[in-house]
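Have a look at the structure below before the remarks.
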Amino acid sequence: MQTEFESAEDFAVDQLRKLREIVSKTLEEEQLITENLLHPPREYLTQGQKISDKVARFGGSWSFIISFFVLLVIWILFNSLALTSERFDPYPFILMNLILSCIAALQAPIIMMSQNRQEEKDRQRSENDYLVNLKSELEIRSLHQKIDLIAEEQLKAIYDLEAKILTKLNDSKIQD
């Protein structure tokens with residue numbers, strides 16, 4: 001039974017030592033973590049990535065939807081109301097359907113490229129959040145250990161003081 005306690009105590013001491021090492025390392029790296037959060041590394045984009053961001057930004061906006069809707073209405077009205085000789089895409093608007101399909105076929109992968117890069121940024125942010133949370137947890141554990149140590153020292157001082165008082169009381173009773 002004694003050996004189990006000693007091995008558990010050794011394990012706890014080893015765990016505390018490891019935690020202190022981790023805390024000290026994270027405290028040393030604190031500048032790096034906070035610096036990365038405040039000033040993320042500059043992202044260098046290729047021309048294609050810049051274009052995909054612009055296409056995704058415009059393709060997901062109300063201005064795109066409204067302008068596209070207006071263009072379609074004009075297209076349909078012109079090809080429905082114009083003279084037969086001026087109509088370039090008569091009903092059932094096969095050319096318009098072809099153009100819409102091509103736009104959708106090109107726009108979807110471009111938007112997905114932009115979304116994939118945004119997802120990578122979000123993943124890096126979540127990793128930074130995890131590092132900050134881990135560092136905070138380790139610092140809190142370290143603070144708990146320090147408070148426990150102070151409480152132990154205070155209790156020990158109180159017990160020592162009580163022992164001294166009891167010995168003085170016993171000595172004074174013996175003298176009386």
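None of the values given here were measured: they were computed from a predicted structure. Computation of the quantities below employed the complete heavy-atom set of this structure, encompassing side-chain atoms and omitting hydrogens, waters and symmetry-equivalent molecules. Along the sequence shown, the residues carry numbers beginning at 1.
Annotation: the span from Leu169 atom CG to Ile174 atom CD1 amounts to 11.0 Å, rounded to 0.5 Å. Distance check: Asn116 CG to Ile111 CD1 gives 12.0 Å after rounding to the nearest 0.5 Å.
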Check: Yes or no on salt bridge (Lys or Arg N to Asp or Glu O under 4.0 Å) for Asp122 and Arg125, after CA distance, side-chain angles and deciding distance?
Finding: CA-CA 5 Å; Asp122 291 343; Arg125 278 192 202 108; 2.9 Å; yes
Item checked: Chi angles and distances behind the side chain to side chain contact (heavy atoms under 4.5 Å, CB included) call for Lys146, Leu149 -> CA-CA 5 Å; Lys146 289 175 184 177; Leu149 184 63; 5.6 Å; no
Note to self: Let's go through Ile65 and Trp62 carefully: what are the C-alpha distance in whole Å and the side-chain angles of both, what is the deciding distance for side chain to side chain contact (heavy atoms under 4.5 Å, CB included) to 0.1 Å, and is it a yes or a no?
What the structure shows: CA-CA 5 Å; Ile65 293 170; Trp62 280 107; 4.2 Å; yes
Checklist line | Derivation and outcome, salt bridge (Lys or Arg N to Asp or Glu O under 4.0 Å), residues Arg117 and Glu120 | finding: CA-CA 5 Å; Arg117 277 204 359 279; Glu120 179 64 25; over 6 Å; no
Next item on the list: Start with the C-alpha gap between Asn79 and Phe88, add the side-chain angles, then the distance that decides, and say whether side chain to side chain contact (heavy atoms under 4.5 Å, CB included) holds.
Entry: CA-CA 7 Å; Asn79 284 298; Phe88 59 90; 3.6 Å; yes
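Ring planes of Phe68 and Phe64: parallel class, angle under 30° (limits at 30 and 60°).
At least one side-chain heavy atom of Met113 sits less than 4.5 Å from a side-chain heavy atom of Ile110.
Taking the charged nitrogens against the carboxylate oxygens, Glu137 and Arg141 do have a contact shorter than 4.0 Å, which makes a salt bridge.
Atom OH of Tyr159 has 12 or fewer neighbouring heavy atoms from other residues, nucleotides or ligands inside a 6.0 Å radius. Sparse packing is recorded around NZ of Lys54, with 12 or fewer heavy atoms of other residues, nucleotides or ligands lying under 6.0 Å away.
For residues 63-73, the set of pairs meeting the side chain to side chain donor-acceptor pair (under 3.5 Å) definition, not counting sequence neighbours, comprises Ser61-Ser63.
For the pair Arg87 and Ser80, the tightest heavy-atom approach, listed with the atom from each and the gap, is NH2-O, 3.0 Å. Heavy atoms only, all atoms of each residue included: Pro109 and Ala104 are closest at CD-O, 4.4 Å.
Counting only distance, with no hydrogens or angles, the side chain of Thr167 and the backbone of Lys164 share a donor-acceptor pair below 3.5 Å.
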